[in-house]
Peer 1: 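One structure, as structure tokens, below. Some questions next.
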Amino acid sequence: MNIKVIAFDADDTLWVNEPFFQETEKKFYQLMEDYLPPHSIAKELFKIEIENLVLYGYGIKAYILSMIEAALHISENTISVEAISRIIEFGKEMLDKPIELLDGVEDTLKALHGRYKLVVATKGDLKDQHKKLHESGLGHYFHHIEVLSDKQKIDYQKMLKRLEVEPSEFFMIGNSLKSDVLPVLEIGGHACHIPFHTTWAHEQIDHTIEHPNFREVESISQILSLLS
Ligand SMILES: [Mg+2]
């Protein structure tokens with residue numbers, strides 16, 4: 001591998017994210033328990049979230065708007081103003097969560113810093129992701145952060161153009177096979193999967209990957225041996 005740029009996914013790669021969504025979703029099930037059982041609420045909310053992706057993109061603000069829409073739909077527009085207000089609070093609580101770095105992240109970045117151009121490549125809300133990177137204390141390891149509206153092949157191709165790097169010189173690291181690995185392999189880049197213990201349904205794929213540019217490790221510090 002002749003790698004020049006290493007891009008790290010942020011959520012559930014550098015810091016904890018998905019468990020906070022799951023925690024909030026449980027509060028939503030409680031809020032809506034008079035209308036439907038949890039699994040039906042989950043199904044309804046997920047459907048609305050996916051439909052709204054094209055309009056809102058990813059992140060907490062989109063999630064909260066979808067939750068309000070689901071509450072209106074599930075209650076047939078009878079949900080109380082107080083309940084809507086609670087949902088807005090759920091979002092603000094999520095946005096205020098302190099950063100929980102994953103094990104080995106800082107030492108790994110420290111070891112790679114200066115040897116490669118390091119960037120963060122993430123989906124989500126622009127403001128929230130910038131804030132999280134700032135609060136993580138990791139900002140100085142990275143050349144910059146790319147907040148992408150999606151992580152399809154075209155988004156990576158545009159990013160590589162901005163970075164002035166060939167796909168063969170690019171290494172993407174993340175917890176989502178669907179977003180962080182597959183599109184990067186398809187454009188000729190290198191990708192490493194670091195599974196997180198829980199993954200949003202939308203990021204799951206139902207097949208295994210075999211590709212010469214694909215790696216999988218259990219923890220972020222193991223990428224150092226892949227690069228040496
Ligand atoms: Mg992620």
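From a predicted model like this one, the values you see are computed outputs, not experimental measurements. All ligand and atom numbering here is 1-based and tracks the order in the structure.
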Peer 1: Taking the hydrophobic residues Ile, Leu, Val, Met, Phe, Trp and Tyr, and joining any pair whose side-chain heavy atoms are under 4.5 Å apart, which ones share a cluster with Ile154?
Peer 2: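 Direct or chained contacts put Ile154 with none.
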Peer 1: Taking 2.8 Å as the cut-off, does an N/O/S atom of Asp11 lie below it from the Mg ion (ligand 1)?
Peer 2: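 Checking the Mg ion (ligand 1) against Asp11, an N, O or S atom does fall under 2.8 Å.
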Peer 1: Do you see an N/O/S atom of Asp12, backbone or side chain, under 2.8 Å from the Mg ion (ligand 1)?
Peer 2: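 It does not: Asp12 brings no N, O or S atom closer than 2.8 Å to the Mg ion (ligand 1).
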Peer 1: Among the N/O/S atoms of Asp9, select the one at the shortest distance from the Mg ion (ligand 1) and name it.
Peer 2: OD2
Peer 1: Please list, chain by chain and in numerical order, all residues satisfying salt bridge (Lys or Arg N to Asp or Glu O under 4.0 Å) with Lys47, sequence neighbours excluded.
Peer 2: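 In terms of salt bridge (Lys or Arg N to Asp or Glu O under 4.0 Å), with neighbours along the sequence ignored, Lys47 is linked to Glu51.
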Peer 1: Can you find a side-chain donor-acceptor pair between Lys123 and Ser179 that sits under 3.5 Å?
Peer 2: yes
Peer 1: When you compare the side chains of Tyr141 and Glu106, does any donor N or O come within less than 3.5 Å of an acceptor on the partner?
Peer 2: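 Result is yes, a qualifying pair exists.
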Peer 1: Looking at the Mg ion (ligand 1), is one of the N, O or S atoms of Asn175 less than 2.8 Å from it?
Peer 2: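 Yes, since at least one N, O or S atom of Asn175 sits under 2.8 Å from the Mg ion (ligand 1).
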